4 protein chains.
Amino acid sequence: MPVPAPKWTRQPELRPRQIMAAALDVFAAKGFERATMDEVAEAAGVTKGTIYLYFRNKLDLFIQTLRTHVEGVTDLLPSVRVAAGEDVEAGARLLAKALLDVLMTPTMTKVFHLFIAEVKQIPELRQAYIEEWLPQAGLRIATLLEEGVRSGALRPLDPVITARAIMGMFSAFVLTQEVFGMKDITPMPLDEIANTIVTISFRGVLAS
Amino acid sequence: MPVPAPKWTRQPELRPRQIMAAALDVFAAKGFERATMDEVAEAAGVTKGTIYLYFRNKLDLFIQTLRTHVEGVTDLLPSVRVAAGEDVEAGARLLAKALLDVLMTPTMTKVFHLFIAEVKQIPELRQAYIEEWLPQAGLRIATLLEEGVRSGALRPLDPVITARAIMGMFSAFVLTQEVFGMKDITPMPLDEIANTIVTISFRGVLAS
Amino acid sequence: MPVPAPKWTRQPELRPRQIMAAALDVFAAKGFERATMDEVAEAAGVTKGTIYLYFRNKLDLFIQTLRTHVEGVTDLLPSVRVAAGEDVEAGARLLAKALLDVLMTPTMTKVFHLFIAEVKQIPELRQAYIEEWLPQAGLRIATLLEEGVRSGALRPLDPVITARAIMGMFSAFVLTQEVFGMKDITPMPLDEIANTIVTISFRGVLAS
Amino acid sequence: MPVPAPKWTRQPELRPRQIMAAALDVFAAKGFERATMDEVAEAAGVTKGTIYLYFRNKLDLFIQTLRTHVEGVTDLLPSVRVAAGEDVEAGARLLAKALLDVLMTPTMTKVFHLFIAEVKQIPELRQAYIEEWLPQAGLRIATLLEEGVRSGALRPLDPVITARAIMGMFSAFVLTQEVFGMKDITPMPLDEIANTIVTISFRGVLAS
DNA sequence: TATGAATGAGCGTTCATTCAT
DNA sequence: AATGAATGAACGCTCATTCAT
């Protein structure tokens, strides 16, 4: 007599990732408040109670989901390496393209939007941004710029403002193309975006 | 019976404006889902039932509130006029500063954040963006750029991409300074922001 | 055309009493934890949400329900008046009978049991007992006894202990007959109970 | 292989006792409904599943816990033996003190309170009371009283009512001192309580 | 027009119980 | 025998919406 298939199996190692993956999708699709724990559970293939074995409450699930996926992304970033060579501008183009590839990832897009949407309501997010994510990204760029200014290679612009302006160009495309859904209406090749951003950043729009 | 003298002052009924003003504050402070009709009512100085005399439901209130306040802002934009003169760059600095002044307005900040947070969930917002707000802003800039390219004054960059990159620089500061609350941590004078954006846009970061 | 009967009517004055009356029954029947707000609502003829218009939460409803009904009972107590006359013992019999009549009331029985069952879990109840109900009852008796001892009419017994012992006799019958449901198994006329308690209290069981 | 020496010590399986001991504490501390199986398990030093190896469900655990501990107490009662001698009243004082010592035991206090709190909800408890515990205690006293009345040593009071009144005096102190927590507020020596109860019972409060 | 009492559907969370390991 | 992961039903509470006044 065949043993009937078990209704469920123990997966204590797997469950958290499984749940957070589902949570990211559901939260991204409906927003934090509109998403229900039942939807997350169903998307994860478990029942609601199971989520509470691994996460204290909905907010905890949300925060951990974002943190984990951000880490997953920043793990990719080392591959975004400066091709530090003779031609800085050419290296920057490669870099910009690599960065855009990461930012436009489905995962990153979702994280990005959720973060912007909820940062004002959730102090933990703001704190993570200020204490972890901001230094990892913005300050690194600002430092590079500062050195460039000091060496005379770059104009004497405020490095923090400049860094933020440049990052703003990147995020503009994440927001409009992916979040606002413009990629179907005004499709743009990623490398053309990267090239344009780099050209503007280095040399501006004026014909020389 | 004599007809009463025509009232020249436009009298858009008081109540809806009163309610929408309160709604903008409450929605901005708590987000669409977290905000309750009771809170809006209390902030507006009316009772919950009254809101439903003027708005079909919560979503309707939200959409109308955003639309109305966006109109209120675009009414301000004509004052952002090109000082079209000899020195285009100098004119652009004035323009950029004027634009930032409007974008950093408390009202505009709220609208901006709410729009980004909810655009994905609320089709009406996306539609308004694509059909009304985007043409009013992005396309206008793109057209200008296109002309500049054609006349040879500007580099041959894709105008749509370039326009969006430039707008991205502005919005970056709205988001970080106002929404993320960085203005207390990294305060930046508006005119310095404006100047930096214009310099980068026109001439890039490289020392010439 | 006849106006259809309204689904519900406004009863802001009535609702709290109505709800607390239902709550007492439901809580008494099922205990605080087992009772559900839906059951209370149904028993009160309203819906769950209505309860929350008048009570902050389930615990608040419980406490207020007990307090209100205790007050309702102590309002009856003034009728329990000492027929202070020549024959103290005869007066006491009347008094005891009147007290038992009140204690054996369905309402008082429920309050009594609920109080005993939950006093340990609910600090507010303990506080109310110590600060309000105990002084109203126990201390009054103790004071009477103290005077009796001082005048030489009573034995030199500790008044507080004696008062509590006498009250214990009364509550024993509330508990066993009403709460444990013994009144169907060992029925006892109230006046015989009262007489027995008084005889024991005054003169003991020993034949003189 | 030599057969191990027979173990003479009665080894009622360890686990059930261990669990019931923990259960009594947890149930007493939080009440039946508020107590969770997890808490009981943790207090017993086992895991939740283990409880279900020995008890069908939570209610079964509760009932068996009370029964077992009541038996444990009635095992103590034989030591409460009538010092049947010349001076009945002096013997009663010893008896009353011994009884109070047992009733005021932490275990008995817990059992007592839990029983009162839940008897109305749990038919099995009521049945146990009526069929087992009541005959063991109340009827024994009533029988004694009945004999006393017949022999003319005692007043012609109803023995059942009288027995219950006397038991009520004892339980009053269990409830107030231990359950209501009055022992910190109005501390009373046990032997003074016992003496007072006996004096009242035998001779009443009136000075002879 | 305005009020606010009343509704009722919906959701987060808990927890007794089951069952794969 | 023992574990503890997983289940799923149940419940307290909220809040958008309705409607009697």
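A, B, ... follow the sequence lines: proteins, then strands. Residue 1 opens every chain. Quantities reported herein were computed from a predicted structural model and do not represent experimental measurements.
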So how far is it from [X] [atom1] to [Y] [atom2], rounded to the nearest 0.5 Å?
X	Y	atom1	atom2	result
D:I63	D:T68	CD1	OG1	11.5 Å
C:L125	C:E118	CG	CD	7.5 Å
A:F32	A:I122	CZ	CD1	5.5 Å

Could you tell me the separation between the [atom1] atom of [X] and the [atom2] atom of [N], rounded to a whole number of Å?
X	N	atom1	atom2	answer
C:E33	E:dT14	CD	C1'	11 Å
B:L14	E:dT1	CG	C1'	14 Å
C:R10	E:dA5	CZ	P	6 Å
C:Q18	E:dA5	CD	P	15 Å
B:Y54	E:dA2	OH	C1'	8 Å
C:I19	E:dA5	CD1	P	12 Å

Using side-chain heavy atoms (C-beta onward) and a distance below 4.5 Å, is [X] in contact with [Y]?
X	Y	answer
D:V40	D:D25	no
A:F62	A:F55	no
C:T50	C:W8	no
D:F27	D:L66	no
C:L114	C:L24	yes

Looking across every strand, which nucleic acid part, if any, lies under 4.0 Å from C:F55 by heavy atom: base, sugar-phosphate, or nothing?
nothing

Could you say whether A:Q11 or C:N57 is positioned toward the 5' end of DNA chain F, judged by the nucleotide with the nearest heavy atom to each?
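Closer to the 5' end of DNA chain F: A:Q11.
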
So what stems show up for DNA chain E if we need 3 or more Watson-Crick or G-U pairs in a row, all under 3.5 Å?
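Only these stems qualify: E:2-21 with F:2-21.
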
Between C:R67 and C:Q64, does any side-chain donor sit less than 3.5 Å from a side-chain acceptor?
no

Contacts to DNA chain E from residues 58-67 of chain C, heavy-atom cutoff under 4.0 Å, which residues?
none

Strand contacts (DNA chain E) in residues 34-52 of chain C, 4.0 angstrom heavy-atom criterion
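When residues 34-52 of chain C is checked for heavy atoms under 4.0 Å from DNA chain E, the hits, listed by number, are C:V46, C:T47, C:K48, C:G49, C:T50.
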
B:K48 and B:E42 ion-paired at < 4.0 Å:
no

CZ of D:R34: more than 12 outside heavy atoms within 6.0 angstrom?
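Result for CZ/D:R34: enclosed.
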
So, OP1 or OP2 of E:dA2: does either fall under 4.0 Å of a side-chain N or O from B:R15?
yes

Whichever of B:L53 and A:T9 has the more 5' nearest nucleotide on DNA chain E, that residue is B:L53

